[in-house]
Every structure is written in C-alpha cells, then in structure tokens.
J.: 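Quick one: this structure, given as structure tokens, is what I'll be asking you about.
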Amino acid sequence: MQNRITKLFKIQYPIIQAGMIWCSGWELASAVSNAGGLGIIGAGSMYPDILLDHIKKCKAATDKPFAVNLPLLYPSIEEHIQTIFDEGVKIVFTSAGNPATYTSILKEKGITVVHVIANEKFARKAESCGADAIVAEGFEAGGHNGREETTTMCLIPQIVNAVKIPVIAAGGIGTGRSMLAAMSLGAEGVQMGSRFVLSEESSAHQNFKEAVLQSSDGSTELSLKQLTPVRLLKNKFYEAVKQAEINCASKEELQQLLGRGRAKKGMFEGDLEDGELEIGQISGYLKNIKPAAEIIKEIVAEYNFALNELEGKRL
Ligand code: NDP
Ligand code: NDP
C-alpha cells in the first residue's frame, strides 16, 4: 500500500508503533522499523544521555526510518531537542503540549513533525503550526489521554474532515481488522501502543506484560481526570486513586498520592500493586507476546483478509 503516510515516512506499511514511556526503547523501535512499519523511541521517560544512547543504538540496528516521541511537557526538552539535531533524527512525534512552541524550530532543521491530538481544536492548531501529519488519539488509548473522552470511532472522521494533512488513527487499534476500520474512517495510518507493549522487544517489565495478558474488557479506566487524564490497568494504586476521588480529594492531594516515578515503578520495575500501569482498552483482546516483526506480519495479513471479506459484503 502506498499513501501519503507511507510516502511521508518512506515506510512499507502505514503502521506506527506508539512512543511509550518505559516500554519503547531502541530495541522495539528498530524491530518495528526493520519490519516495514515506523518505530518510535519514547523519550518522555529518558534522561538526555539515555535518549542519546537509544538513538545511537537504533541507528546501528536499522537503516530504515525511525522517530522519536517528544512529550512537550518533558522537563529537559531543550536538551532532547539538541540531541535530536545532533544525531540527525528525521522524524519527531510531539505530544502532550502546545505545538506552537517547537514545531517551527524542528521544521527549520528539515525534520518531519507529527503532533498528537485528541480534539478538533488542537488538530487545527497543529496544522496551522506546520505539522506534517496528526495522530488523532481516541478515548480507548492507554496512558495519557484527552479530557473530552471522544472515542476513536467519532474522532477520526471529525479530524479527517477538519484538516488537510494526513491523519493517523490511534486508540483501540491492535489488529488488522481495527486497522481496516480506522482506514475506512479516513485515516491514512494507524498508531498502536498496547499491541507493541506485548512484543518481545518492548522494555515493559515481564510482570506488566503478564498482567496485560490477563486483562479483559473493563480492566482499564481513564483515571486522574483532575490532574492529567491517564488510562490505567486497574490495580491497588488505581483503587487508591478512585477512593480518593470518591472522597473528593483536591488536586494537591491527588498529586501527593501520585508522587513521583509511579509509571517507572509499575511498567518498568514490575510493581503491579503500587505502580502506575498505563495500557489501552484493546489490551483485553490481546492474548500473546510476539516478536514485533510477527505482529506486523499478522496485522497486514488480517487487514488484507478483512478487506477481501468486506468486498463480499458489497451492497
Ligand atoms: P494544558 O492542558 O494547560 O496545556 C497548555 C497549553 O498547551 C494550552 O494552552 C493548550 O492550548 C496547549 N495544548 C495542550 N495540549 C495540546 C495538544 N495536544 N495540542 C495542541 N495544543 C495543546 O497543560 P499541560 O501542558 O500540562 O498538559 C498538556 C495536555 O496534554 C494535558 O491536557 C494532558 O492531559 C495532555 N497529555 C497528552 C499526552 C499525549 O498526547 N500522549 C500525554 C500527557 C499529557 P490552548 O490554549 O489552545 O487550549
Ligand atoms: P514523574 O514526574 O512521576 O517521574 C519522572 C520520571 O521520568 C522518573 O521516573 C524519572 O526517572 C524519569 N525522567 C527521565 N528524564 C527525566 C528528567 N529530565 N527529569 C526528571 N525525571 C526524568 O513522571 P511520569 O513517570 O508520570 O512521566 C515521565 C514523563 O513522561 C513526563 O514528562 C510525562 O509527561 C511523560 N509522559 C509522556 C507520555 C507520552 O506522551 N507518550 C505518556 C506518559 C507520560 P528516574 O525515576 O530514573 O529518576
């Protein structure tokens, strides 16, 4: 398949692996890129020297295009941007913040910039700031999420209608069938997080992977809406947040309960009780851990199978 997204990134399939804190380092990113998708290093949880190391290793492991995800609220963002320039990274996905601040600085260096949004207002803003494409992320997505709770099914056609640049759909997509659904809504690519957490190359702790494998529908919930909304796998920490919210905890009290480094504790160190476990709704449907290349092969095969099946249902 060739479309604006495969051409923009110079990739074989319009399948993008989400930049995920603690889960997507160079090993996963290079494996996805080598398999014909676009791999992304999640820089949000990396100190600047660690990001540098991951970029260098990714470049050594693949000669295919890869990207870095830069959450715009990252504390040492200027250092990350310098590393991206120094290492000649060609594609950057920005998220969690205002695209007005850095899009033009990145574009001046010839970098392809994609911005993550969860509503129409931010989509228009990203386009007007010069983003080359948009990731529109619906309510089903894991981790940090929009406050509006717009589902992928409703969000994608709305965003496709609102902007001229290509739209990559995210949130609830983890199979070839869901990829086909997103493409039929007008998306030109898909971004998948949870599916790649359950890959052999993801840096998620094995305990976290096993917990995700055990999950079913209803195992996640968008939590901490007063602070920064985040979809969590239900565990002891999630229950503590829920109880605090029932007790009308203030923002400050919730911040205190969250503390620092919860996501690392849960997803990277494997503390399933007290850690923050960020995963999407689709996790309830995913039942195996595979190498990233096999995941991509399976998605492409299922996509083509489902497309043929649909042909037979033509009205
Ligand atoms: P705010 O939500 O107050 O945002 C600060 C400013 O940035 C606002 O003026 C807003 O613009 C703009 N802005 C925020 N997010 C976006 C966006 N996605 N696209 C375009 N403009 C944006 O505070 P924070 O900076 O602390 O938080 C940023 C937001 O990102 C939070 O809503 C958070 O839930 C979300 N988030 C998203 C993640 C992701 O994308 N994966 C990860 C982590 C957090 P305006 O004035 O036009 O409203
Ligand atoms: P916390 O504030 O709770 O903790 C910061 C964590 O980030 C620590 O575990 C720390 O590692 C690590 N870290 C890496 N670089 C730095 C740095 N320069 N300064 C301070 N800490 C650093 O944040 P979270 O764990 O909830 O989130 C980490 C980051 O990821 C935030 O910037 C957040 O906005 C972003 N994020 C982005 C998402 C996305 O868009 N894909 C999704 C979720 C979060 P150590 O413990 O080793 O000190």
Side-chain angles (χ1 to χ4, degrees), residues 1-20 32-33 35-40 65 67 69 91-95 99 112-127 131-146 148-196 231 280-282 285-286 295-296 298-311:
M1 178 195 295
Q2 281 291 298
N3 66 13
R4 288 194 293 172
I5 286 298
T6 58
K7 286 180 191 150
L8 182 66
F9 301 139
K10 301 184 179 66
I11 54 176
Q12 190 178 356
Y13 306 118
I15 300 174
I16 292 124
Q17 160 252 310
M20 301 169 285
V32 169
S33 289
L38 183 74
I40 306 188
N69 170 227
I91 307 167
V92 170
F93 280 49
T94 55
S95 59
T112 297
V113 181
V114 181
H115 188 63
V116 183
I117 57 89
N119 62 35
E120 186 176 328
K121 178 186 158 195
F122 286 169
R124 290 184 189 279
K125 194 164 150 189
E127 182 173 52
D132 296 286
I134 281 170
V135 175
E137 190 179 71
F139 176 64
E140 299 92 323
H144 288 285
N145 205 317
E148 298 84 358
E149 305 197 354
T150 310
T151 59
T152 302
M153 182 75 120
C154 296
L155 183 68
I156 303 309
Q158 193 181 338
I159 303 303
V160 167
N161 198 36
V163 297
K164 292 194 175 60
I165 53 178
V167 175
I168 297 161
I173 305 164
T175 63
R177 281 189 187 278
S178 46
M179 175 175 170
L180 181 60
M183 301 295 264
S184 74
L185 293 174
E188 291 179 60
V190 288
Q191 179 175 282
M192 302 184 186
S194 303
R195 176 62 275 197
F196 288 109
R231 181 173 296 284
Q281 281 187 336
I282 192 69
Y285 183 73
L286 304 173
I295 291 173
I296 294 205
E298 195 174 89
I299 289 165
V300 170
E302 190 183 286
Y303 177 93
N304 287 326
F305 177 84
L307 190 57
N308 282 335
E309 197 180 58
L310 269 188
E311 284 289 321

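This one's a predicted model, so the numbers in the text were calculated from it and none came from an experiment.
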J.: For Met1, give me all partners under side-chain contact (heavy atoms from CB on, under 4.5 Å), at least two apart in sequence or on another chain.
T.: Asn3, Pro14, Met183, Tyr303
J.: Check Gly176 against Glu302 and note the closest heavy-atom contact, atom names and distance.
T.: N-OE2, 3.2 Å
J.: For Phe9 and Ile16, what are the C-alpha separation, side-chain angles and deciding distance, and is it a side-chain contact (heavy atoms from CB on, under 4.5 Å)?
T.: CA-CA 10 Å; Phe9 301 139; Ile16 292 124; 3.9 Å; yes
J.: Grab the two heavy atoms, one from His144 and one from Glu137, that are nearest each other, plus how far apart they are.
T.: O-OE1, 3.3 Å
J.: Where the side chain of Gln17 meets the backbone of Gly37, is there a donor-acceptor pair that is under 3.5 Å apart?
T.: no
J.: Would you list the pairs meeting salt bridge (Lys or Arg N to Asp or Glu O under 4.0 Å) in which at least one residue belongs to residues 173-185, sequence neighbours left out?
T.: Arg177-Glu309
J.: What are the two closest heavy atoms between Leu8 and Ala133, and how far apart are they?
T.: CD2-CB, 3.9 Å
J.: Determine the minimum heavy-atom distance between Ile117 and Ala126, stating which atoms define it.
T.: CG2-CB, 4.5 Å
J.: Sequence neighbours left out, cut at 3.5 Å: what donor-acceptor pairs do the side chains of residues 156-174 make with other protein atoms?
T.:
| from | atom 1 | to | atom 2 | distance (Å) |
| --- | --- | --- | --- | --- |
| Gln158 | NE2 | Glu120 | OE1 | 3.0 |

J.: Which distance, rounded to the nearest 0.5 Å, do you find between the CG of Leu185 and the CG of Leu180?
T.: 9.5 Å
J.: For the CZ atom of Phe196 and the CD1 atom of Ile40, what is their distance to the nearest 0.5 Å?
T.: 10.5 Å
J.: For Gly193 and Ala18, work out which heavy atoms get closest and say how close.
T.: CA-CB, 3.8 Å
J.: Given 3.5 Å as the limit, does a donor-acceptor pair link the side chain of Ser194 with the main chain of Gly280, or not?
T.: yes
J.: Got a second to check how far Ile295's CD1 is from Leu286's CG, nearest 0.5 Å?
T.: 8.5 Å
J.: Rounded to the nearest 0.5 Å, how far apart are NE2 of His115 and CD1 of Ile134?
T.: 8.5 Å
J.: With a 3.5 Å cut-off and no angle check, do the side chains of Thr150 and Asn119 form a donor-acceptor pair?
T.: no
J.: In Å and rounded to the nearest 0.5 Å, what is the CD to CG distance from Glu127 to Asp132?
T.: 11.0 Å
J.: Restricting to non-hydrogen atoms, name the atom on Lys125 and the atom on Pro99 that form the minimum distance, rounded to 0.1 Å.
T.: CE-CD, 4.3 Å
J.: Could you give me the CA-CA distance, side-chain angles and deciding distance for Glu298 and Arg195, then say whether side-chain contact (heavy atoms from CB on, under 4.5 Å) is met?
T.: CA-CA 11 Å; Glu298 195 174 89; Arg195 176 62 275 197; 4.2 Å; yes
J.: Would you check if the side chain of Arg231 reaches a backbone N or O of Phe139 as a donor-acceptor pair within less than 3.5 Å?
T.: yes
J.: Take Ile282 and Met192 through the test side-chain contact (heavy atoms from CB on, under 4.5 Å) and record every step on the way to the result.
T.: CA-CA 10 Å; Ile282 192 69; Met192 302 184 186; over 6 Å; no
J.: Please say which of Thr6, Leu38, Val300 ends up in a side chain to side chain contact (heavy atoms under 4.5 Å, CB included) with Ile15.
T.: Val300
J.: What is the distance from atom CE of Met179 to atom OH of Tyr13, rounded to the nearest 0.5 Å?
T.: 10.0 Å
